Asks: 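The structure is given below, and queries will be raised subsequently.
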Amino acid sequence: MLGISLREAAAAFRLGQLTPTELCRKCLAFIRETSFLNAYITVTEDVALKQAAEADLRFDQGKPLGVLDGIPFAIKDNFSTKNIETTCASQMLKGYIPPYNATVVQRLLDQGAVLMGKTNLDEFAMGSGSTDSIFGPVKNPWSYSKQFREKRKACCPDSNESSDWVITGGSSGGSAASVSAGTCYVALGSDTGGSTRNPACHCGIVGLKPTYGLVSRHGLIPLVNSMDVPGILARCVDDAATVLGVIAGHDPQDATTIQDHILPFTLPDVIDLSKLCVGIPKEYHAPGLSSEILSIWTKAADMMEKAGAKVVEVSMPHTRYSIVCYHVLCTAEVASNMARFDGLEYGHRADIKDSTEAMYSATRRGGFNDVVRGRILSGNFFLLKQNYEKYFLKAQKVRRLIADDFVNAFKSGVDILLTPTTLGDAAPYLDFIQEDNRTRSAQEDVFTQCANMAGKHSFKLL
């Protein structure tokens, strides 16, 4: 039954062909069978079975809470979950038990969705491979497909299967792997510069970054407040739209959310493309773009044109500055957000009693990995009085120009932009770790972070 959409699963519940508990047990079995993927940090088996049993009763009474009632879902481990450990895959928060649920988690639970567990990620969501977690890297489920094994054996006959696997992308790699492996129907990730769309691309599923302010960030442990967005990972576009309709909307706990009332999102069975204008940004023909991705991008544009859409080339001239601009602003906000982790109120605390300053230093040195400490150092450098105007303020001005590029493109009559998600396909793990996190993030986020800086919504497509 895991091959069907969540709406089909809900229909099966209503018709008595399947119960939430049966589906929950099947997903738990898949989680155990695929534990080698390291997709989950915490599996909430008892919680899931209890929630599924409650859903059983509601369906028996003919009173389901909604289309998500009884549907298994997973949550990236940087969203707060009441009475369930939330670690951000970091020593700094290992053992931290939040006293409340993030708004998006609560809205899913209010619809009767069944929480399977918390998924793995790069520490504090800083990465593009889901390889920098204190719990170890996440493995891409497609690494164990027959097609991949045959392909690798042909090109690398001496490869070792135990280490010859490809990354999921990141930082929401655990959420992407959990959906791709069939352990849940939908998972939530976070997206600051591509962290939902990137792993969705590498794991062969749908990834959606909603428009900034459409979905509440309350309870999402912040990385970059001005760019963070809860993201949706699902097996099909309809499932992503269904979940978006549940979690979107104003939240009094998040002042950045829109005030307008949000109606449920429904997709028509037949979509007329004849009135759609598709823009192809010429600047996205970036150095390093693989021939395979370019071919698929061209094929997708041709398919849309044959279906009746108008396909035109557009220019977004400030795209080439975006990745540098993104990293200046990202690290500056990281430095600010990470300042709260001092060992005094919650999380890791070093056993140092010499002085408060010594305790601070030892706590942060032991609680953060090299990647996090490096971004804090960079951010503080950009925020120094003598550097603020030269770097941070200038990056903010460039960010406005990047946002204007999107505005101008849409004002020109373009309805959507069709772009790649990544430069190439998922890299083998041993190749990926040959380069540092900063370099890899610049490569993996080159097509995706523009939408975050502009505040636009974005689907993974290629």
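Bear in mind the structure is a predicted one, so any value in this text is a computation, not a measurement. Residue numbers start at 1 and run along the sequence shown.
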Asks: Quick one: does F79's side chain get under 4.5 Å of T119's, heavy atoms only?
Replies: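 The answer is no, as the side chains (C-beta and beyond) never meet within the 4.5 Å cut-off.
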Asks: L267 and V237: side-chain contact (heavy atoms from CB on, under 4.5 Å), yes or no, with the steps?
Replies: CA-CA 9 Å; L267 299 177; V237 173; 3.6 Å; yes
Asks: Would I376 and F368 satisfy side-chain contact (heavy atoms from CB on, under 4.5 Å), going step by step from the backbone distance to the final call?
Replies: CA-CA 10 Å; I376 292 171; F368 294 136; 3.8 Å; yes
Asks: Assess whether atom CZ of R400 is packed by more than 12 heavy atoms of other residues, nucleotides or ligands within 6.0 Å.
Replies: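 No, CZ of R400 has 12 or fewer neighbouring heavy atoms, counting only those of other groups under 6.0 Å.
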Asks: Nearest 0.5 angstrom please: C450 SG to Y321 OH, how far?
Replies: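 Between atom SG of C450 and atom OH of Y321 there are 13.0 Å.
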Asks: Can you find a heavy atom in the side chain of K394 that is under 4.5 Å from one in the side chain of V328?
Replies: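 No, their side chains stay 4.5 Å or more apart.
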Asks: Just so I know, are the side chains of T87 and I134 near enough to count as touching, which here means a heavy-atom distance under 4.5 Å?
Replies: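 No, too far: nothing below the 4.5 Å cut-off.
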Asks: Just wondering, do V43 and L28 contact through their side chains at under 4.5 Å, heavy atoms?
Replies: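 Yes. Closest side-chain heavy atoms under 4.5 Å.
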Asks: Under the side chain to side chain donor-acceptor pair (under 3.5 Å) definition, can you give me all pairs with a residue in residues 307-318, not counting sequence neighbours?
Replies: E283-S315, H318-D405
Asks: Do the rings of Y144 and F36 sit parallel, tilted or perpendicular, given the 30° and 60° boundaries?
Replies: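 Perpendicular: the ring planes of Y144 and F36 meet at over 60°.
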Asks: Going through the distances and angles, do N198 and S128 end up as a side-chain hydrogen bond (donor to acceptor under 3.5 Å, both in side chains)?
Replies: CA-CA 7 Å; N198 177 294; S128 58; 5.5 Å; no
Asks: With side-chain hydrogen bond (donor to acceptor under 3.5 Å, both in side chains) as the criterion, how do D436 and T439 come out once you've worked through the C-alpha distance, each side chain's angles and the decisive distance to 0.1 Å?
Replies: CA-CA 6 Å; D436 62 272; T439 301; 2.8 Å; yes
Asks: Heavy atoms, side chains only, cut-off 4.5 Å: are L208 and T196 in contact?
Replies: no
Asks: If you look at every heavy atom in S130 and G170, which pair is closest and at what distance?
Replies: OG-CA, 3.5 Å
Asks: Taking side chain as C-beta onward, heavy atoms only, is T419 less than 4.5 Å from M316?
Replies: no
Asks: Does V166 reach the side chain of F148, with side-chain heavy atoms less than 4.5 Å apart?
Replies: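 Sidechains of F148 and V166: in contact.
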Asks: Applying the ring-ring contact (aromatic ring centres under 6.0 Å, His included) test to W165, which of W142, F432, Y429 qualifies?
Replies: Y429
Asks: Only one of K209, K76, R197 clears salt bridge (charged side-chain N to carboxylate O under 4.0 Å, His left out) with D191; which?
Replies: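 Testing each of K209, K76, R197 against D191, the sole residue satisfying salt bridge (charged side-chain N to carboxylate O under 4.0 Å, His left out) is R197.
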Asks: So does R107 pair up with D110, basic N to acidic O under 4.0 Å?
Replies: no
Asks: Going by heavy atoms in the side chains, are I232 and V215 under 4.5 Å from each other?
Replies: no
Asks: For the pair H202 and T168, evaluate side-chain hydrogen bond (donor to acceptor under 3.5 Å, both in side chains) and give the outcome as yes or no after the intermediate values.
Replies: CA-CA 6 Å; H202 287 324; T168 57; over 6 Å; no
Asks: Measure from the side-chain N and O atoms of N101 to the backbone N and O of Q106, and report whether any donor-acceptor pair falls under 3.5 Å.
Replies: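 Such a contact is absent between N101 side chain and Q106 backbone.
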Asks: Hey, could you give me the CD1/OG1 distance between I75 and T81, rounded to the nearest 0.5 Å?
Replies: 8.0 Å
Asks: Rounded to the nearest 0.5 Å, what separation is found between the OG atom of S195 and the CE atom of M126?
Replies: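 The CE atom of M126 is 11.0 Å from OG of S195, to the nearest 0.5 Å.
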Asks: Might you confirm whether atom OH of Y284 has over 12 heavy atoms from other residues, nucleotides or ligands at distances under 6.0 Å?
Replies: yes
Asks: Sorted by first residue and then second, give each side chain to side chain donor-acceptor pair (under 3.5 Å) pair with at least one member in residues 29-44; sequence neighbours left out.
Replies: Y40-T183
Asks: How many angstroms lie between SG in C330 and CE in M453, if you round to the nearest 0.5 Å?
Replies: 10.0 Å
Asks: Work out which heavy atom in C325 is nearest to a heavy atom in A395; give both atom names and the distance.
Replies: SG-O, 3.0 Å
Asks: Go through it in stages, so that I can follow the logic: the residues are V224 and L329, the test is side-chain contact (heavy atoms from CB on, under 4.5 Å), and I'd like the CA-CA distance, side-chain angles, deciding distance and then a yes or no.
Replies: CA-CA 8 Å; V224 179; L329 298 175; 6.0 Å; no
Asks: Search all heavy atoms of L417 against all heavy atoms of A409 and return the closest pair with its distance.
Replies: CD2-CB, 4.5 Å
Asks: Just by distance, with hydrogens left out, do S216 and Q253 show a side-chain donor and acceptor under 3.5 Å apart?
Replies: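 Judged by distance alone, the side chains do not pair up.
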Asks: Which is it for T103 and D251 under the side-chain hydrogen bond (donor to acceptor under 3.5 Å, both in side chains) test, yes or no, and what are the steps along the way?
Replies: CA-CA 8 Å; T103 296; D251 177 16; 2.6 Å; yes
Asks: Given 3.5 Å as the limit, does a donor-acceptor pair link the side chain of E333 with the main chain of S226, or not?
Replies: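 Flag set: sc E333 to bb S226 pair under 3.5 Å.
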Asks: Roughly how far, to the nearest 0.5 Å, is the OG1 atom of T331 from the CG atom of L223?
Replies: 10.5 Å
Asks: Testing the 3.5 Å rule here: is there a donor-acceptor pair between the side chains of R217 and Y212?
Replies: yes
Asks: Test side-chain contact (heavy atoms from CB on, under 4.5 Å) on V372 and N369; report intermediate values, then the result.
Replies: CA-CA 6 Å; V372 178; N369 68 6; 3.2 Å; yes
Asks: For N437, what residues pass the side chain to side chain donor-acceptor pair (under 3.5 Å) criterion, not counting sequence neighbours?
Replies: D132, R375, S441
Asks: Quick one: CE on M116 to CD on Q51, what's the gap to the nearest 0.5 Å?
Replies: 9.5 Å
